[in-house]
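The block underneath contains the structure these notes are about, expressed in structure tokens.
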Amino acid sequence: MTDPLTLPRYGRAYRVATVVVAVWVTVVLVLALTGDIANLPILEQTARNLYFHVPMWFVLYAFALAGAWHSARFLATGRTLHDLRAESAWLVSTVAGGIALVTGILWSRFTWYEEANVWWNGDPRQTMVAVQLLIGGAYFILRGSVDEPRRRARLSAAYALFATSTMPFLTYVLPRRMQSLHPGAEGNPAFSEMDIAPQMRWVFYASAVGFLLLGWWLYTLRVRVRVTEARAERLAEASAPAPTATLS
Amino acid sequence: MLALQDTLQDTAIAVLDAAPTAASEPFETAMLAADKLPVVLGVVLIVWIGLLLFLTVTERRLRRVEARLDAAEAAPPPRAQH
């Protein structure tokens, strides 16, 4: 019988991958800050924020989906590893979402709202994303409020599926039904010819890939810490005098 | 020497003249300088702070599990009790 807490081996391939991520993101940073941009009025140099703000949305979505996948797998199989993976993916997703929201606030303050002098003007996409982050953040509050591990895993997996199901409506459907300053109210933002200057396109793609890979690295780190915790827990239970329920 | 002093003084005056009159909003002026490039710096710093936040919470968990494993190793082995 295989150990339910067995992770893939983080050996040579993993180490090579992390070096690739490190070099990739470093090159992206240099290109993002020195490369040629379309210097438009209002946007000016802040067009470079495209390389940092938008990839955070990709990370938010990708890891929310990963979290939902592992939550569903946990409900189907009851394996602790899926619960730990789901929690780690949600954390990466939430941190990326927080970064995206705060960078968006700063960016809009000095572009859209430069004359208006405001930090927040209820842009539909910003508002809906803030709501979505609150829904997602409640996942961690839920986890923190249940002590019994199996119960916590089951409840939070069900909640994660609910929280993911609101995401397309709040961040995709509704903002397109309302007036927004965000680009791409029609079509796919940042992918159409209108929304991105040709000289910025490839740096943007490289940046999106780089931040997704960086998110994956952080995610694996988190999973490894969580699995080590579970193994330490199991060890403590094994050496305890009274027999207790084993982790599955 | 005097000529140099004059040049320096002129430069200082030129810099002061160039300074925006709306001194009540120093943050605003700073962010809008150099074609708004400081806004990009701000965004990069926010990304960096977010990464630090993630590392800090993960590292805290790691430190806790390390302490637990240390304690488990220091405790007498379970078989010795029987």
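Note that the coordinates shown come from a computational prediction; the quantities given were computed from them, not determined experimentally. In the text below, chain A, chain B and the rest are named by the order of the sequence lines, each starting its count at 1. Because only heavy atoms are used, hydrogens play no part in the values below, and waters and symmetry mates are left out as well, while side chains stay in.
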Query raised in the report: Between B:Ile49, B:Val47, B:Leu62, which has the largest tally of heavy atom pairs under 4.5 Å with chain A?
Result: B:Val47
Query raised in the report: Nearest 0.5 Å, what's the CG-CD distance between A:Leu235 and B:Glu73?
Result: 8.5 Å
**Report entry** side-chain contact (heavy atoms from CB on, under 4.5 Å) between A:Phe52 and B:Ile46, intermediate numbers included
**Finding:** CA-CA 10 Å; A:Phe52 302 104; B:Ile46 291 165; over 6 Å; no
Report summary line: Counting heavy-atom pairs under 4.5 Å with chain B, the top scorer among A:Trp107, A:Phe110, A:Phe211 is A:Phe110
Query raised in the report: Is A:Trp120 atom CH2 crowded by more than 12 heavy atoms from other residues, nucleotides or ligands, each under 6.0 Å away?
Result: yes
**Report entry** Contacting region of B:Val57 [heavy-atom separation from chain A under 4.5 Å]
**Finding:** both
Requested in this report: With a 4.5 angstrom heavy-atom cut-off, could you sort out which part of B:Leu55 is near chain A: side chain, backbone, both or neither?
Outcome: side chain
Report summary line: So, the part of B:Leu53 with a heavy atom under 4.5 Å from chain A: the answer is neither
Query raised in the report: If you round to the nearest 0.5 Å, how far is CG of B:Leu41 from CG of A:Asn49?
Result: 10.5 Å
Requested in this report: Pick one of side chain, backbone, both or neither for A:Val102, based on which atoms fall under 4.5 Å of a heavy atom in chain B.
Outcome: both
Report task. Please name the pair of heavy atoms, one in B:Leu51 and one in A:Ile99, separated by the smallest distance, quoted to 0.1 Å. Result -> N-CD1, 4.3 Å
**Report entry** Segment of B:Arg61 engaging chain A (4.5 angstrom heavy-atom cut-off)
**Finding:** both
Report task. Measure across A:Ala232 and B:Leu69 and return the closest heavy-atom pair with its distance rounded to 0.1 Å. Result -> CB-CD2, 3.7 Å
Query - Pairs touching residues 18-28 of chain A that satisfy salt bridge (charged side-chain N to carboxylate O under 4.0 Å, His left out), sequence neighbours left out - result: none
Report task. Dump the intermediate steps for side-chain contact (heavy atoms from CB on, under 4.5 Å) on B:Leu37 and A:Arg48, then the final yes or no. Result -> CA-CA 9 Å; B:Leu37 197 56; A:Arg48 298 185 191 282; 4.2 Å; yes
Report task. Write down the atom of A:Leu106, the atom of B:Val43, and the distance for their closest heavy-atom approach. Result -> CD2-N, 3.7 Å
**Report entry** Toward chain B, the part of A:Tyr51 with a non-hydrogen atom under 4.5 Å
**Finding:** neither
**Report entry** Contact class of A:Arg224 relative to chain B, heavy atoms under 4.5 angstrom
**Finding:** neither
Query raised in the report: Counting heavy-atom pairs under 4.5 Å to chain B, which of A:Val95, A:Leu33, A:Leu91, A:Thr103 comes out on top?
Result: A:Thr103
Query raised in the report: Passes side-chain contact (heavy atoms from CB on, under 4.5 Å), B:Thr58 versus A:Leu218? Steps please.
Result: CA-CA 9 Å; B:Thr58 306; A:Leu218 295 177; over 6 Å; no
